[in-house]
Asker: 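Mind looking over this structure? Questions follow.
When reading the values below, keep in mind they use all heavy atoms of this one structure, side chains included, and skip hydrogens, waters and symmetry mates. None of these values were measured; they are calculated from a predicted model. Quick note: residue numbers are just sequence positions, from 1.
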Amino acid sequence: LLFGTHQSECYLITDKSRLTQVLTNFINNALKFTTQGTITLGYEFNREDEITFYVEDTGTGIPQKDLPSIFDRFVKLNTFMQGTGLGLSISKSIVEQLNGLDFKGMYGSDFLHTWDKTTDELKALYIVADALRELRENNVSSKIFDSGLAVSLFRDNSTRTRFSFSKAANLLGLELQDLDEKKSQIAHGETVRETANMVSFMADVIGIRDDMFIGEGHKYQTTFMDAVKEGYRDGILEQQPTLVNLQCDVDHPTQCMADMLHVIHYFGGVENLKGKKVAMTWAYSPSYGKPLSVPQGVIGLFTRFGMDVTLAHPEGYDVMPEVEEVARKNCEKYGSKFHKTNSMAEAFTDADIVYPKSWAPFAAMEERTKLYAQGDKDGIDALEKKLLAQNAQHKDWACTEEMMKLTKDGKALYLHCLPADITGLSCAEGEVDNSVFDRYIVPLYKQASYKPYIIAAMIFLAQVKDPVRALMAMDEGKEQRKSF
């Protein structure tokens, strides 16, 4: 290994570890293709404020026609050499995407609400999610643990989020253990503090869903984690697990982050989202009591990226006022737009994205929580009948073919967290016409496919001190996910 012609001294203000890893990656790449001769590392001054680093070698070389492709992800110019080709691409991604992003606050932190995180932290999470996905797609192991537990606690039913959490844990090398409260000692008076500490031994991440009761879900998650942190401080736990909110009464961050990553890819990048109109609308459902956390999560996140967000619902179907305030403050800070309407047609008109989904009125959910706390079964039954009758008055709030024609060029991106109430398929009358849903079934399933990687990225950034170095090392490590 040689060093290039001596240049004048210079001082850089940069991230030392990232720059070192980029240069190391270039050298390692050269080593793969240089069986004899030399490798030279050097730098040149392009102008007063710019330096170009270079690596030259006497190896096989790169044909002139292939030079434009060397930074494309997973391009390999010599198929007989080991490796995936990811290294140079990730190096370029570091420089182009992560340069200037401050996401150090993600390390050692929990993920409760998207609005608790900075925009830089959210952008970094998307980059890491994409990198983890590409590693897996190219048969590269992304395990950062060789042992440890991921503990899940679902206090409400789940398919997509339950399996997404399981897949994310497995992707990173953790074993999943689901806490079934019916099989635990909780029914016999075990306190939250005790449960939290007992399940956290040798655990690296805790995932909790608690979305059924307004004012209780987020409270339970924070109470649980306060007990965990206290246990760590007192020396009961040898490490402090990360909490991932798998949906509470306030936000559904794993869902809404996956929704946004799908939107980013669909429109070709974050830079193309500014000014896009999003219709987050209530839609009729033959059931009642659906959580508010998805619409709240959407208005709290999409307004972070310069989008024009319309929240539409019939009178009386309001969401939490404090989350609406989050959306309004985002508009002031990020140049977005947020307004409300009681007209689904108005929201759909010229929309680039539509998200028609049912939810229960905030006031009714507050009342429901109080009735359950009082054990008032008759009151709960009466409230259910009232809400079902109220829903039935708004059956025209549905994503029909006629409604879709109002959208931009009649081709808005249709989103749903699934499962949807599909008219003529899963119910007689519901949120969306069967023909509309069927037309969008492929992008809908793609939307869902991002969630495991979003959750994995949340865990990764909370557990790995230098994520960039770790990702690049994974590619250099040559460890395949599947050997045969």
Asker: Would you list the atom pairs, donor with acceptor, under 3.5 Å between side chains in residues 451-459 and any protein atom, with sequence neighbours excluded?
Answerer:
unit_1	atom_1	unit_2	atom_2	d
K451	NZ	T161	OG1	2.7
K451	NZ	Q255	OE1	2.8

Asker: Does anything in residues 354-373 pair up under side chain to side chain donor-acceptor pair (under 3.5 Å), and if so which pairs, sequence neighbours excluded?
Answerer: D259-Y355

Asker: For the NZ atom on K337, are there more than 12 heavy atoms of other groups (residues, nucleotides or ligands in this structure) within a distance under 6.0 Å?
Answerer: no

Asker: Please identify each residue that fulfils salt bridge (Lys or Arg N to Asp or Glu O under 4.0 Å) with K377, with sequence neighbours left out.
Answerer: D381

Asker: Between Y317 and W282, how do the two ring planes meet: parallel, tilted or perpendicular, split at 30° and 60°?
Answerer: tilted

Asker: What do you reckon, is CZ of R162 surrounded by more than 12 foreign heavy atoms closer than 6.0 Å?
Answerer: yes

Asker: List the residues meeting side chain to side chain donor-acceptor pair (under 3.5 Å) with Y334, not counting sequence neighbours, and say none if there are none.
Answerer: T119, R304

Asker: For residues Q247 and S293, is any side-chain donor paired with an opposing acceptor at under 3.5 Å?
Answerer: yes

Asker: Indicate the ring-plane relationship of Y440 and Y414, choosing parallel, tilted or perpendicular according to the 30° and 60° boundaries.
Answerer: tilted

Asker: Got K290 and S285 here, is their nearest side-chain heavy-atom distance under 4.5 Å?
Answerer: yes

Asker: Going by heavy atoms in the side chains, are L135 and M474 under 4.5 Å from each other?
Answerer: yes

Asker: Would you name the heavy atoms of F338 and K340 that are closest together and state the gap between them?
Answerer: CZ-CG, 4.1 Å

Asker: Say whether, by atom type as modelled, one donor and one acceptor occur between the side chain of D308 and the main chain of G275 under 3.5 angstrom.
Answerer: no

Asker: Quick one: which of K274, K411, K408 gives a salt bridge (Lys or Arg N to Asp or Glu O under 4.0 Å) with D352?
Answerer: K408

Asker: What pairs with R136 under salt bridge (Lys or Arg N to Asp or Glu O under 4.0 Å), at least two apart in sequence or on another chain?
Answerer: none

Asker: Between L418 and Q447, is there a side-chain heavy-atom distance shorter than 4.5 Å?
Answerer: no

Asker: Ion pair present between E401 and K405, side-chain N to carboxylate O less than 4.0 angstrom?
Answerer: no

Asker: Flag this pair as yes if the NZ/CZ of K123 is under 6.0 angstrom from the six-membered ring centre of F103 and inside a 45 degree cone about the axis; otherwise no.
Answerer: no

Asker: Specify the closest pair of heavy atoms between S287 and D421, including all atoms of both residues, with the distance to one decimal.
Answerer: OG-OD2, 4.5 Å

Asker: Is K229 paired with D110 through a side-chain N to carboxylate O contact shorter than 4.0 Å?
Answerer: yes

Asker: Can you measure from OG1 (T303) to CH2 (W115) and round to the nearest 0.5 angstrom?
Answerer: 9.5 Å

Asker: Got R160 and P419 here, is their nearest side-chain heavy-atom distance under 4.5 Å?
Answerer: yes

Asker: Report the C-alpha distance between H113 and H218 in whole Å, list the side-chain angles of each, state the deciding distance to 0.1 Å, and finish with yes or no for ring pair (Phe, Tyr, Trp, His ring centres under 6.0 Å).
Answerer: CA-CA 10 Å; H113 302 146; H218 176 63; 4.5 Å; yes

Asker: Between D251 (side chain) and T114 (backbone), is there a donor-acceptor pair under 3.5 Å?
Answerer: yes

Asker: What are the two closest non-hydrogen atoms of I144 and V464, and how far apart are they?
Answerer: CD1-CG2, 3.6 Å

Asker: Can you list everything that forms a side chain to side chain donor-acceptor pair (under 3.5 Å) with S141? Sequence neighbours excluded, please.
Answerer: none

Asker: Evaluate the criterion side chain to side chain contact (heavy atoms under 4.5 Å, CB included) for residue pair T310 and M280; output intermediate values, then yes/no.
Answerer: CA-CA 6 Å; T310 298; M280 182 68 242; over 6 Å; no

Asker: Where do R209 and S158 come nearest, in terms of heavy atoms and distance?
Answerer: NH1-CB, 3.3 Å

Asker: Nearest 0.5 Å please: distance from the CD atom of Q463 over to the OG1 atom of T242.
Answerer: 4.0 Å

Asker: Please indicate whether D180 has more than 12 foreign heavy atoms, meaning atoms of other residues, nucleotides or ligands, lying under 6.0 Å from its CG.
Answerer: yes

